[in-house]
Amino acid sequence: MNAPIYLDYAATTPVDPRVAEAMSRHLTLDGIFANPASRSHMPGWQAEQAVEGARRQVADIIGADPREIVWTSGATEADNLALIGFMRANRARGRHLVTSTIEHKAVVDTASALEAEGFEVTWLTPGSDGRISPSRLAEAMREDTVLVSLMAVNNELGAINDLAALSAVVHARGAAFHVDAAQGVGRIPLNVDDLGIDLMSLSGHKVYGPKGVGALYVRRSPDIRIEALIHGGGHERGMRSGTLPTHQIVGMGEACALAATEAAADQARASALAGRFLDGLDDIEGIHRNTDVAVAVPNIINLAFDGVDGESLLMALRNIAVSTGSACNSASVEPSYVLRGIGVPRSRALTALRFSLGRFTSEADIDTAVAEIRHAVTALRR
Ligand SMILES: *Cc1c(COP(=O)(O)O)cnc(C)c1O
């Protein structure tokens, strides 16, 4: 049997072959494998050079200085480091954090853990388009608000927040702005200075890099202070200890360099493919768009199918790989908290599937997917 057509790019992207090739040169004895912290020999210096080259590639795509990039194991760790590290380091200034109910679990669960630790959290609710309103944010800001954490692009809906307008509200009140940009890199422009971002979480595996690597951008001017969560050899200027995984880091750097040159073409193709997909499904009755395509990235499309259980549809679509809700909660039958969060009724949320496409999706893939969905939906409704 052929491999299923992959339409789950929002859960993870395949590693671009050019990235895999760069990584493979940083593993074995004939490559650059040494510990980048080894200062006493040439192989160590070469590894350090490779890491610093990648640091610049990541910094470049967000308009940052390489010294503002802290390597982590992924966006989950970056979110933890940003929220916990910042709130603990700034507790003398205030204990209030603002975030939203439809953030990724890496932010939602971290904010809940901070509540249990004695910090206070205000949970903003989004509009039905999945975006956070700057005026709602302004109402939530308090004297003791020190941090606001909102995502760039929602992983289930594709909705894009107006980061410039939100950051203006945050900074007018003297707080710092953290953005989870795991789904944003390579999809929308993300210049930290233009958008006024102080902390930003990135992930390797959402941009055709490897899993298990990410980064936290930490602004140097004005200086943003965070406390380390992982202690050890004082790597990453004391903010995140642990031997740097050179091959992972080189992979993430290469992936970002490719995104810098290919993002525009990737997104233009995604737009055309998304249009083809939605046109193809247009004449099937009872399909609702949970994604408001006017304010979303083109590569994520969340649809609800009247009268069809999402789990059953997923099973029936044997030749396409998609997810119900987000991959992170697909093990449970609870409807997606993100769909519930934008006001989708429980019964409709249970009929939803998320289709996400990417760099390697073809027109033929889309046509096959449309035909499969038509067939499965018709059969399940019968
Ligand atoms: C995937 C994702 C994460 C988690 O990233 P990892 O690198 O897998 O830890 C966090 N936030 C968002 C929005 C994501 O899409």
Side-chain angles (χ1 to χ4, degrees), residues 6-14 16 61-62 75 100 102-104 106-107 126-132 150-166 179-192 194-195 197 200-209 214 255-256 258-279 281 288-304 322-323 325-328 336 338-339 341-342 344 352-363 365-366 369:
Y6 189 73
L7 292 178
D8 205 10
Y9 279 77
T12 193
T13 56
D16 189 293
I61 197 173
I62 58 169
S100 93
I102 64 161
E103 299 301 303
H104 190 274
V107 166
S128 59
D129 61 358
R131 307 212 299 171
I132 300 299
L150 295 170
M151 67 208 313
V153 173
N154 186 276
N155 48 297
E156 290 193 39
L157 300 167
I160 305 169
N161 267 322
D162 184 348
L163 297 176
L166 294 166
V179 173
D180 178 339
Q183 297 285 347
V185 177
R187 272 114 203 163
I188 58 169
L190 280 171
N191 183 294
V192 288
D194 294 350
L195 299 172
I197 295 167
M200 186 154 78
S201 302
L202 308 172
S203 174
H205 75 97
K206 306 288 174 71
V207 278
Y208 309 97
C256 286
L258 289 172
T261 57
E262 301 194 4
D266 278 349
Q267 288 312 87
R269 258 178 13 87
S271 261
L273 292 173
R276 189 180 183 93
F277 182 64
L278 290 171
D279 285 350
L281 297 175
H288 302 270
R289 293 182 190 179
N290 297 318
T291 297
D292 182 341
V293 296
V295 299
V297 291
N299 55 292
I300 299 178
I301 303 162
N302 195 308
L303 300 175
V322 296
S323 48
S326 79
C328 310
S336 148
V338 172
L339 295 179
I342 61 166
V344 175
L353 292 186
R354 177 188 67 185
F355 302 88
S356 51
L357 32 108
R359 188 175 286 165
F360 307 110
T361 308
S362 67
E363 287 188 350
D365 292 342
I366 294 295

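Side-chain atoms are counted along with the backbone in the values below, which use heavy atoms only and exclude waters and symmetry mates. As the structure is a prediction and not an experimental result, all values here were calculated from the model.
Summarising the geometry, atom CD1 belonging to Ile160 is positioned 11.0 Å from atom CG belonging to Asn154; distances are rounded to the nearest 0.5 Å. Distance check, rounded to the nearest 0.5 Å: CZ of Arg276 to CG of Leu281 gives 12.0 Å. Considering CG of Leu273 and CZ of Phe355, their distance stands at 14.5 Å, rounded to 0.5 Å. Atoms CG and NE2, from Asp180 and His104 in turn, are 7.0 Å apart once rounded to the nearest 0.5 Å.
The two residues Gly184 and Leu190 make their nearest non-hydrogen contact at C-CD1, 3.5 Å. A pairwise comparison of heavy atoms in Gly186 and Ala263 identifies O-CB, 3.5 Å as the closest pair. Here the shortest heavy-atom pairing between Ile132 and Ser100 reads CD1-CB, 3.5 Å. Of all heavy-atom pairs between Ala159 and Arg131, the closest is CB-CG, 4.3 Å. In terms of heavy-atom proximity, Ala152 sits nearest to Ile188 at CB-CD1, 4.3 Å. In plain terms, the two heavy atoms of Leu357 and Pro298 that are nearest each other are CD1-O, 4.4 Å.
Side-chain contact check for Asn299 versus Arg187: some heavy-atom pair is nearer than 4.5 Å. Residues Leu278 and Leu303 meet the side-chain proximity criterion, which asks for heavy atoms closer than 4.5 Å. In this structure, the side chains of Phe277 and Ile301 come closer than 4.5 Å at one or more pairs of heavy atoms. Taking 4.5 Å as the limit, some side-chain heavy atom of Leu339 sits within range of a side-chain heavy atom of Leu157.
Taking the six-membered ring where tryptophan is involved, the planes of Phe360 and Tyr9 are tilted, since the angle between them lies from 30° to 60°.
A side chain to side chain contact (heavy atoms under 4.5 Å, CB included) with Leu166 is found for exactly one of Val179, Ile197, Leu150, Leu195, namely Leu150. For the side chain to side chain contact (heavy atoms under 4.5 Å, CB included) criterion with Val207, the lone passing option out of Asp266, Val185, Ile61 is Val185.
For the pair Arg354 (side chain) and Val322 (backbone), a donor-acceptor distance under 3.5 Å is absent. Checked by atom type and distance alone, the side chain of Asn302 pairs as donor or acceptor with a backbone atom of Glu156 at under 3.5 Å. Thr13 places a side-chain N or O within donor-acceptor distance of the main-chain N or O of His205, the cut-off being under 3.5 Å. Of the possible donor and acceptor atoms, one in the side chain of Glu103 sits under 3.5 Å from a partner among the backbone N and O of Met151. A donor-acceptor pair under 3.5 Å is formed between the side chain of Asp365 and the backbone N or O of Ser362. Checked by atom type and distance alone, the side chain of Asp129 never pairs as donor or acceptor with a backbone atom of Val295 at under 3.5 Å. A donor-acceptor distance shorter than 3.5 angstrom exists from the side chain of Asp292 to the backbone of Ala294, with no hydrogens or angles considered.
Under the side chain to side chain donor-acceptor pair (under 3.5 Å) criterion, Asp16 pairs with Arg18, Arg359, not counting sequence neighbours.
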